[in-house]
Amino acid sequence: MSLSTQPYKGARDFYPEDKRLQKYIFDKLRQVVESFGYQEYDAPILEPLDIYLAKTGEEIVNEQLYSFVDRGGRRVAIRPEMTPSVSRMVAGRRQELAYPLRWYSIANFWRYERPQRGRLREHYQLNADIFGVEGVAADAEIIQVADSILKSLGAKAEMYRININSRVAMIQAMKEFGLEGTELKAVYKLVDKMPKLTDEDFKKVLSENLSAEKATKLLKYLDNNQPPEKVDRLLSLLKSVGVTSATYEPSVVRGLEYYTDIVFEVFDTNPENARALFGGGRYDGLVGLFGVEPLPTVGFGMGDVTLQNFLEAHKLLPKLQVETDAIVVLIGDLYESAQSLLAQLRESGLKLAVDSSGRKLDAQLKSADKSGVKHVIFIGEAELKSKKLKLKNLQTGDERQLSAEELVKALQS
RNA sequence: GCGAACGUAGCUCAGUUGGUUAGAGCGUCUGCUUGUGGAGCAGAAAGUCGUGGGUUCAAAUCCCAUCGUUCGCCCCA
């Protein structure tokens with residue numbers, strides 16, 4: 001019985017070509033987020049189970065958490081998201097940190113899911129958060145950052161839509177309709193589902209759960225395109241910084257319980273990938289759970305799986321070159337005598353792999369070609385003597401005799 | 001957790017109403033001689049037909065279970 005070569009269900013292997021793509025994407029994320037002054041942090045992949053019990057969605061905790069009891073009897077969970085961890089960290093230094101605090105991380109998370117398109121058991125996520133700003137300017141910045149990321153990856157404004165809502169405004173409206181407590185929670189879920197249902201189906205579901213009077217009022221509220229005041233201010237702020245994809249959408253509520261006011265969700269407008277890409281919002285109550293003075297916070301999380309689906313759907317993924325500059329092909333038994341020359345070239349910044357197989361020249365060339373590396377450097381007796389190396393471009397077939405300095409220049413340009 | 005489709009060489013797939021030693025293309029490897037790859041020619045390796053049961057004289061083909069993949073639902077990223 002042989003072992004399987006497949007990775008664990010819902011998890012991915014990153015072969016070099018996959019890792020290259022991931023690196024490309026993560027580098028873009030870092031670049032944008034750092035240009036707004038966010039600082040990178042990280043946290044352990046394991047957390048005490050408790051930090052998820054209070055505010056993470058019920059379903060996530062009960063059915064999707066990877067958890068176990070450690071040898072010391074502690075209940076431990078593999079993190080399903082970053083927000084509780086970062087809240088814990090900020091709370092731990094609540095008094096000493098400088099606000100507004102801008103932090104980000106790119107980390108992996110686990111949820112026990114049934115894998116399908118856009119959703120796996122392990123995914124990577126960018127988290128960016130602002131701590132300590134109550135006003136809507138922080139909400140606007142978070143959305144602006146998300147928008148800038150998409151644009152830096154080549155997306156155009158019409159490729160996605162940013163739907164924004166205010167939970168506070170919504171709850172207030174609901175209360176006016178006489179909706180409270182469990183009924184309110186139920187309505188949340190229904191509203192969240194609205195975009196997936198036809199108007200008729202939605203009305204039907206609504207009437208099953210609410211009195212006719214309440215249902216009518218709710219429908220009217222959801223139909224209203226007039227954003228509440230806070231959303232209105234947010235939208236005009238966004239407009240002023242060039243974010244044109246944002247709109248008011250009263251059906252956006254998001255599943256996580258810790259969101260307290262503004263929530264947003266980014267949708268792909270491509271009909272082939274019509275889905276929520278990622279989202280975020282304000283969660284003013286979470287830091288305070290750790291026994292310190294509460295801290296207003298907004299942030300968002302952007303998952304790599306949905307992001308990559310989005311980029312694929314819009315043909316925004318670049319073809320990436322292998323990192324290695326050249327493969328050195330040795331002609332004859334020169335492995336030792338070539339080393340000092342190779343060391344010199346590497347010191348000048350070249351990324352060089354040596355074919356140390358001792359195979360015939362054509363076999364070495366074939367492998368070099370297959371590896372995807374663009375150049376080959378031939379080193380034989382003649383080259384070592386004359387100190388002129390032969391550089392070959394495998395794509396064009398061009399060959400040039402160059403000194404070490406010229407070679408470095410040629411490969412670095 | 002629920003529902004559906006699929007699972008044959010490394011990859012993409014073919015395999016007739018169950019019937020001899022299971023096929024193709026691409027890829028891989030070897031050679032076409034000794035300092036030049038991508039093309040060509042010649043040849044080779046490679047599959048207990050996802051796994052385990054069952055039905056049958058006979059199973060890749062039918063049935064059941066299980067694992068995996070994919071797509072929905074739930075939920076969410």
Side-chain angles (χ1 to χ4, degrees), chain A residues 1-12 15 56-65 79-83 106-127 146 188-190 192-193 195-197 252-257 259 263-268 272-281 299-310 327 329-334 355 359-384 389-399 401:
Chain A
M1 169 85 195
S2 70
L3 298 167
S4 167
T5 57
Q6 275 185 343
Y8 172 72
K9 189 182 175 78
R12 290 161 292 170
Y15 284 85
T56 301
E58 231 174 89
E59 166 136 5
I60 291 178
V61 171
N62 293 336
E63 287 164 36
Q64 302 193 336
L65 215 56
R79 61 187 175 197
E81 55 159 338
M82 193 55 118
T83 307
I106 297 176
N108 57 338
F109 304 95
W110 286 84
R111 291 184 192 180
Y112 196 85
E113 301 250 22
R114 188 84 184 260
Q116 57 189 269
R117 181 173 167 78
R119 197 176 62 184
L120 301 171
R121 287 185 174 177
E122 184 193 35
H123 80 287
Y124 286 76
Q125 196 179 70
L126 164 75
N127 277 261
Y188 255 35
K189 290 208 165 183
L190 291 181
D192 199 28
K193 232 178 275 184
K196 285 192 173 179
L197 300 173
V252 169
V253 295
R254 296 190 56 76
L256 296 169
E257 286 181 33
Y259 288 119
V263 284
F264 74 96
E265 228 158 55
V266 179
F267 280 84
D268 191 342
E272 281 178 28
N273 192 46
R275 61 188 303 127
L277 294 173
F278 63 93
F300 76 98
M302 180 186 251
D304 70 326
V305 182
T306 44
L307 179 60
Q308 208 163 308
N309 285 160
F310 170 79
I327 289 179
V329 168
L330 297 173
I331 305 158
D333 190 14
L334 300 171
D355 190 325
R359 287 173 301 174
K360 285 193 291 189
L361 184 53
D362 62 331
Q364 294 194 49
L365 261 175
K366 252 185 209 174
S367 316
D369 190 38
K370 194 174 169 189
S371 76
V373 170
K374 205 169 160 189
H375 293 95
V376 147
I377 297 169
F378 292 103
I379 300 183
E381 297 283 359
E383 283 78 7
L384 281 182
L389 306 175
K390 211 185 267 178
L391 176 69
K392 180 178 184 122
N393 182 323
L394 287 171
Q395 284 161 17
T396 62
D398 284 350
E399 277 185 31
Q401 300 258 22

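Keep in mind that what you see is a predicted model, and the values were worked out from it rather than measured. Every chain is numbered from 1 and lettered A, B, ... according to where its sequence line falls, protein lines coming before strand lines.
- In this structure, A:Y259 has no ring pair (Phe, Tyr, Trp, His ring centres under 6.0 Å) partners at least two apart in sequence or on a different chain.
- Residues in residues 116-127 of chain A take part in these salt bridge (charged side-chain N to carboxylate O under 4.0 Å, His left out) pairs, two or more places apart or across chains: A:E113-A:R119.
- Between B:A42 and B:U61, the two C1' atoms lie 37 Å apart (nearest whole Å).
- B:U66 sits 42 Å from B:U30 when the C1' atoms are compared, rounded to a whole Å.
- The ring pair (Phe, Tyr, Trp, His ring centres under 6.0 Å) search around A:F378 returns none, not counting sequence neighbours.
- Looking at residues two or more places apart in sequence or on another chain, you find no salt bridge (Lys or Arg N to Asp or Glu O under 4.0 Å) involving A:R114.
- Comparing the C1' positions of B:A9 and B:A46 gives an interatomic distance of 6 Å, to the nearest angstrom.
- Of the possible polar contacts, one joining the A:D304 side chain to the A:Y124 backbone as a donor-acceptor pair under 3.5 Å is found.
- Across the P atoms, B:G31 and B:G68 are found 43 Å apart, a figure rounded to whole Å.
- Looking at A:E383, its side chain does come within 3.5 Å of a backbone N or O of A:G380 through a donor-acceptor pair.
- Rounded to a whole Å, the CD atom of A:Q64 is 11 Å from the P atom of B:G1.
- When the side-chain hydrogen bond (donor to acceptor under 3.5 Å, both in side chains) test is applied to A:N309, no partner is found at least two apart in sequence or on another chain.
- Between the base of B:C76 and the side chain of A:R111 there is no donor-acceptor pair shorter than 3.5 Å.
- Counting to the nearest Å, the C1' atom of B:G27 and the NZ atom of A:K370 are 8 Å from each other.
- Contact between the side-chain N/O atoms of A:R254 and the OP1/OP2 oxygens of B:C75 is not found at any separation under 4.0 Å.
- Annotation: B:U8 and B:U51 have their C1' atoms spaced 14 Å apart (nearest Å).
- With both ends at atom P, the span from B:A65 to B:C26 equals 41 Å, rounded to whole Å.
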Nucleotide-resolved protein contact map, nucleotides 34-44 of chain B, B/S/- at heavy-atom distance under 4.0 Å: -BBBB------

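- Nearer the 5' end of RNA chain B, as judged by each residue's closest nucleotide, is the contact made by A:Y112, out of A:Y112 and A:D304.
- Listed here is the closest heavy atom pair of A:T306 and A:A276: CG2-O, 4.2 Å.
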Please produce a list of atom pairs where a protein N or O lies less than 3.5 Å from an N or O of nucleotides 48-51 of chain B.
none

Verdict with reasoning, A:V373 to A:L394, per side-chain contact (heavy atoms from CB on, under 4.5 Å): CA-CA 8 Å; A:V373 170; A:L394 287 171; 5.6 Å; no

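- Side chains of A:L361 and A:V329 form a contact here, defined as non-hydrogen atoms less than 4.5 Å apart.
- On the P atoms, B:U21 is 11 Å away from B:A59, given to the nearest whole Å.
- Applying the salt bridge (charged side-chain N to carboxylate O under 4.0 Å, His left out) test to pairs two or more places apart or on separate chains, none has a residue in residues 365-381 of chain A.
- The gap from the P atom of B:G37 to that of B:C29 amounts to 15 Å, rounded to the nearest Å.
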Intra- and interstrand pairs of RNA chain B - dot-bracket, Watson-Crick/G-U under 3.5 Å, | marks other strand: (((((((..((((.....[...)))).(((((.......))))).....(((((..]....))))))))))))....

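- Residues passing the ring pair (Phe, Tyr, Trp, His ring centres under 6.0 Å) test with A:F300 are A:F278, sequence neighbours excluded.
- The number of heavy atoms from other shown groups lying within 6.0 Å of OH (A:Y8) is above 12.
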What protein N or O atoms touch nucleotides 69-72 of chain B N or O atoms at under 3.5 angstrom, if any, and at what distances?
residue, atom, partner, partner atom, Å
B:U69, OP2, A:K9, NZ, 3.1
B:C71, OP2, A:R117, N, 2.8

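- Applying the side-chain hydrogen bond (donor to acceptor under 3.5 Å, both in side chains) criterion to A:K390, with sequence neighbours excluded, gives no partner residue.
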